[in-house]
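This chain uses plain numbering: 1 for the first residue, then up along the sequence. Computed over heavy atoms, backbone and side chain alike; hydrogens, waters and symmetry mates excluded.
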Amino acid sequence: MNSRSIIRMMRKHLFCSDQSTQRPRHLFPGINFGFYCSWRCQFFFLLGPLPRLFPKDIGVTRGDESQVSYYVGILQLSSSVAHTLTIFHWSRLSDYIGRKPVLLTALLAHVISMFAFGLSKTFLGLVISCVVCGAFDPGDAVIKTLVMDITDATNMPKAFSYMPIPVMIATMVGSLIGGLLSRPADRFPDIFGRSELLKTYPYLLPCSISAFFISMIWLVACICLKESVSTRTPLWELIKGGFFGQSYSKSRRPSSNVTFHPGEVQPKPLPLRALLTSKVLSVTASYATMGLFHMALSLVLPVFYATPIELGGLSLDPPRIGALLAASGIIQGIFQLLLYARLHHHFGARAIHITGVSSGIPIVILFPVANALARAYGIGMAVWLCVVVQLTLKTSLLMCFPCLTLFIRAAAPNRASLGATTGIAQVALAVGRIIGPVCAASIFSYSLQQGHDAWLIYYFFIVIVFLAVGTALLLPHDLGVWEDSQ
């Protein structure tokens, strides 16, 4: 076998091609994509188990363990609301001044918020830290836009198939840092027992380690991260021109590290009204319904497993639930890494998305089926089979999100408005992720009360699934149909 045959085999194995046309396959820049993975990691370092431990230790619950979840919910809600209110503005700003300045600003704010979180002695201080963290979290929107900038239709599915890797790593390492290094003076008295600082601020050590990690990411990004926006507008001129009033029309400065043809007309970011096209609204609706269903399902699933059988659950103990969810997360990440790009090459984004959304129907049906089997025969092979099938189907559900990212890129009116278009979709996703858990938790608790319909939560799920399927049918069969009109 000669060298050319070997090269052809390697390319065929590593990189996918577009399903509609046989265009050349391109590699995505490693430095920028590596920064994307690092960013995904640092976000989970920010969370970990600390928000669940802080409210109890600072005395806001007054010793009532039942109130811990309530205050944890306030912390998470404050961060989510701040993120929802600011994500579009960060995304739109990145279209003008570039992705790199926005990301560097956000990383610096996260370092400050982590130190503030570790030094907080009141619940108000925790809330402020979470608000800062959420408000300066362009995260998914700007980072995904960066990946869209540096990839094309031939390699974007392969790029987004790597998304679960940093999430899995950060979830494990972040939880270990937050769990093992909290209250170090009590846990490791021989090492930290003499530190009055760590006795006064028992969560400063894990927060400091997270802040140090984020600082390293900031330093690497500042030196190595390449700007992906071809032309930029100076921030001061943008402020003087009225950034949020209308599209900035003055000349834009070309980026030094982005090449383009001198005679090529560079597109400009469009105002908000021009972005609200039927294509963008279709993808946004799909994103919102998917986010709502996924977050609602993620909340109800462990609660259902832990709920007593006589109340409609499976009566599983916490260690089993944790092992199930951890194993499921690892399998989902591996499956997406190894198979998503190939599935996209053979079937296309729309087919994968509709299949994933439709899998929500059997996922919901398996809830009452598993409970009925548990009532009749106990926790046996039949029940475990239902649980395994349910978690396996969730894998296809998670593959909807990279598919929708591809549709967002294709729906953008022009490449200069890619950040704002992604921001619109992310706002809808964030709203769905706020509403979904609240509605699901309330309906599930209401359905468990005596005299109420125990199937009410499943009716709610089925309605959301059918809405998600309906919005998915609005998406085009071929991404090129939307891309050609840009």
Side-chain angles (χ1 to χ4, degrees), residues 52 64-74 76-77 80 289-329 331-332 356-398 400 432-469:
R52 295 167 176 79
D64 188 355
E65 294 286 342
S66 63
Q67 295 294 313
V68 173
S69 298
Y70 170 75
Y71 287 101
V72 170
I74 293 177
Q76 295 178 342
L77 183 62
S80 299
T289 52
M290 265 303 303
L292 195 155
F293 177 70
H294 177 253
M295 288 302 296
L297 178 67
S298 299
L299 175 80
V300 170
L301 201 63
V303 177
F304 169 78
Y305 291 157
T307 301
I309 295 176
E310 58 272 14
L311 294 180
L314 296 182
S315 296
L316 299 181
D317 54 6
R320 286 188 177 183
I321 296 174
L324 281 173
L325 296 180
S328 173
I331 293 173
Q332 289 165 3
V357 173
S358 301
S359 68
I361 297 175
I363 288 175
V364 175
I365 293 175
L366 284 171
F367 280 115
V369 171
N371 177 253
L373 291 173
R375 288 174 182 267
Y377 307 106
I379 305 297
M381 185 63 68
V383 174
W384 287 116
L385 180 61
C386 289
V387 171
V388 170
V389 172
Q390 193 175 47
L391 294 176
T392 302
L393 289 173
K394 192 180 176 184
T395 301
S396 62
L397 187 69
L398 292 175
C400 294
R433 285 177 170 174
I434 293 175
I435 297 176
V438 173
C439 293
S442 302
I443 295 174
F444 189 74
S445 299
Y446 181 80
S447 64
L448 292 181
Q449 297 176 11
Q450 188 174 5
H452 297 155
D453 189 352
W455 285 47
L456 192 60
I457 182 62
Y458 309 131
Y459 299 148
F460 169 75
F461 275 144
I462 289 295
V463 170
I464 301 302
V465 169
F466 277 105
L467 284 176
V469 172

According to side chain to side chain contact (heavy atoms under 4.5 Å, CB included), who are the partners of [X], at least two apart in sequence or on a separate chain?
{"X": "L324", "answer": "L316, W384, V387, L391"}
{"X": "P302", "answer": "I321, L325"}
{"X": "C386", "answer": "L366, V369, A370, L373"}
{"X": "L311", "answer": "T307, P308, L448"}

Over all atoms of both residues, closest heavy-atom pair of [X] and [Y]:
{"X": "P437", "Y": "L299", "value": "O-CD2, 3.1 Å"}
{"X": "I379", "Y": "L314", "value": "CD1-O, 3.3 Å"}
{"X": "V383", "Y": "A374", "value": "CG2-N, 3.7 Å"}
{"X": "C400", "Y": "V357", "value": "SG-N, 3.5 Å"}
{"X": "S298", "Y": "K394", "value": "OG-NZ, 3.8 Å"}

For S328, all residues meeting side-chain hydrogen bond (donor to acceptor under 3.5 Å, both in side chains), sequence neighbours excluded: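 side-chain hydrogen bond (donor to acceptor under 3.5 Å, both in side chains) check on S328 returns Q332.
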
R320 atom CZ, over 12 foreign heavy atoms within 6.0 Å: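 Not more than 12 within 6.0 Å, no.
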
For the [atom1] atom of [X] and the [atom2] atom of [Y], what is their distance to the nearest 0.5 Å?
{"X": "C439", "Y": "F444", "atom1": "SG", "atom2": "CZ", "value": "15.0 Å"}
{"X": "N371", "Y": "E310", "atom1": "CG", "atom2": "CD", "value": "9.5 Å"}
{"X": "Y305", "Y": "Q390", "atom1": "OH", "atom2": "CD", "value": "4.0 Å"}
{"X": "H294", "Y": "T289", "atom1": "NE2", "atom2": "OG1", "value": "13.0 Å"}
{"X": "L467", "Y": "L292", "atom1": "CG", "atom2": "CG", "value": "9.0 Å"}
{"X": "S80", "Y": "I435", "atom1": "OG", "atom2": "CD1", "value": "12.0 Å"}

Aromatic ring pairing W455/Y458, orientation class (parallel under 30°, perpendicular over 60°, tilted between):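 Aromatic pair W455/Y458 classed perpendicular.
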
Geometric class of the F461/F293 ring pair [parallel <30°, tilted 30-60°, perpendicular >60°]: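 It falls in the perpendicular class, over 60°.
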
Side chain to side chain contact (heavy atoms under 4.5 Å, CB included) partner of I363, the single match among L301, V465, L393: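 The option that passes is L393.
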
I434 side chain near M295 side chain, heavy-atom distance below 4.5 Å: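 Counting from C-beta outward, I434 and M295 never come under 4.5 Å.
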
Qualifying residues under ring pair (Phe, Tyr, Trp, His ring centres under 6.0 Å), relative to F460, sequence neighbours excluded: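 Expected list: none.
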
